[in-house]
2 protein chains.
Amino acid sequence: MKLTTRGRYAVTAMLDLALNGKQGPVSLAAISQRQEISLSYLEQLFAKLRKNELVASVRGPGGGYRLSRDSEQINVADIISAVNESTDSTSCQGKGDCQNGEACLTHQLWDDLSQQIHVFLSGISLANLTQRREVKVVSERQTRGGLEDAGMYSETLINAKALNL
Amino acid sequence: MKLTTRGRYAVTAMLDLALNGKQGPVSLAAISQRQEISLSYLEQLFAKLRKNELVASVRGPGGGYRLSRDSEQINVADIISAVNESTDSTSCQGKGDCQNGEACLTHQLWDDLSQQIHVFLSGISLANLTQRREVKVVSERQTRGGLEDAGMYSETLINAKALNL
DNA sequence: TAAATACCCGAGTATTTTAGTCGGATAAAG
DNA sequence: CTTTATCCGACTAAAATACTCGGGTATTTA
């Protein structure tokens, strides 16, 4: 589980899709303008998102991309993994040497942590993020001052718990 | 909150320190050998860890590094932030333009997510990771078959909950 | 005090990743 | 048949990563 600006671009684009794709497909050109990401780069990202069946494409005029399933059913870990698909696994996960050595122990500890992060991100869906924001916008209007991050954050925790975390 | 192999190196080295530093300081040379990380690279990472007061150094023969406080008091987010200190913040968090635009909305959503990840990793200490492993090793001996990851994982969740997540 | 150990530090560098360009091909709509 | 838009591969500038090199300096031990 790697977390770089590349994944951020992908999540951002998918969030844009979730927000703007309610009435028909959204073109990459539109996302490119709104999110200030180069069109060609988006094309590359969406090629991977499509291979991983997170989005579906509609070609021709009026076409674009739409989420391949409900935003509740697409989580952040899915998106990040999709665009990062690469040649990783540098740890000694099966090497003959390094049997129960200290190195292997720490590598396993890292793998565990990595898995925890993955599970955590699996529990956060696109819908989850957009709903959270809507809740915040509403409550900001109500309180006329804006919530502090502490407040928003406890909201997050509640959601996380509801999602089995 | 960025999560790359750089952070992995740092966490790995700190885990090595937590595991091997119980009787006196640990030299970078030792960590370098055990974890297969170049000495000079470790020096660079530890310079940052030291600046952030996560480790303390002891110079001269028999010297090395030790954790600056108990492993319970050092969390993964601390470590990763320490070695990543760099020129980030590419989002539009204060630009005059982009006021309440769609771009800004998705950028904020990303920031929220980023913060959630940070808080999550703040809840995982070095002690937490090493203890988890010890528990696993023991229970593996008891069951004589090894736990599946599902089992380990639910353990993780319990820890996470205990830590306010 | 001399030698060895090990941290400290900055400059340089090969490799990889990131983010993007370019030029085209294919599919659908009007 | 032209426009819109996805598809696709190759190529590239810039940045980050991981590492080397060549010196220091503090501390211990002989």
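Heavy atoms only: backbone and side chains are in, while hydrogens, waters and symmetry mates are out.
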Within this structure, what is the CZ-to-P distance between A/Arg8 and D/dA16, rounded to whole angstrom? 13 Å

Length of the CG-C1' vector between A/Asn84 and C/dA19, whole Å: 14 Å

Short question: side chain of B/Ser81, backbone of B/Asp78 - any donor-acceptor pair under 3.5 Å? no

Are OP1 or OP2 of C/dA19 and a side-chain N or O of A/Arg6 less than 4.0 angstrom apart? no

Using a 4.0 Å heavy-atom cut-off to protein, can you give one letter per nucleotide of nucleotides 20-30 of chain C, 5' to 3': B if the base is in contact, S if only the sugar-phosphate is, - if neither? BBB---BSBS-

Nucleotide D/dC19, atom P - distance to CD of B/Gln35 in whole Å: 13 Å

Show me, pair by pair, the donor-acceptor contacts under 3.5 angstrom made by side chains of residues 41-53 of chain A, not counting sequence neighbours?
from: A/Asn52; atom 1: ND2; to: A/Lys48; atom 2: O; distance (Å): 2.8
from: A/Asn52; atom 1: ND2; to: A/Glu85; atom 2: OE2; distance (Å): 3.4

Between A/Ser122 (side chain only) and A/His118 (backbone N and O only), is there a donor and an acceptor less than 3.5 Å apart? yes

Mind calculating the distance between CG (B/Leu3) and P (C/dT18) to the nearest angstrom? 13 Å

Is the shortest side-chain N/O distance from A/Thr4 to OP1 or OP2 of C/dT17 below 4.0 Å? no

Distance-only, no hydrogens or angles: does the B/Asn75 side chain make a donor-acceptor pair with backbone N or O of B/Ala77 under 3.5 Å? yes

Taking all non-hydrogen atoms of both residues into account, name the closest pair between A/Ser38 and A/Ser32 and its distance. C-OG, 4.1 Å

Measure from NZ on B/Lys51 to P on C/dC8 and round the result to the nearest Å. 11 Å

Rounded to the Å, how far apart are B/Glu85 CD and D/dT17 P? 13 Å

Between A/Lys48 (NZ) and D/dG9 (P), how many Å, whole number? 12 Å

Rounded to whole Å, the CZ-C1' distance (B/Arg66 to C/dA6) equals 16 Å

Keeping the roles fixed (side chain from B/Arg6, backbone from B/Asn84), state whether a donor-acceptor pair exists under 3.5 Å. no

Listed nucleotide nearest any side-chain atom of B/Ser57, set C/dT18, C/dC7, D/dT17: C/dC7

Sequence neighbours excluded and cut-off under 3.5 Å, please list the side-chain donor-acceptor pairs for residues 10-21 of chain A, or say none.
from: A/Thr12; atom 1: OG1; to: A/Arg8; atom 2: O; distance (Å): 2.7
from: A/Asp16; atom 1: OD1; to: A/Arg34; atom 2: NE; distance (Å): 3.3
from: A/Asp16; atom 1: OD1; to: A/Arg34; atom 2: NH2; distance (Å): 2.8
from: A/Asp16; atom 1: OD2; to: A/Arg34; atom 2: NE; distance (Å): 2.9
from: A/Asp16; atom 1: OD2; to: A/Gln35; atom 2: NE2; distance (Å): 2.6
from: A/Asn20; atom 1: ND2; to: B/Glu102; atom 2: OE1; distance (Å): 3.4
from: A/Asn20; atom 1: ND2; to: B/Glu102; atom 2: OE2; distance (Å): 3.0

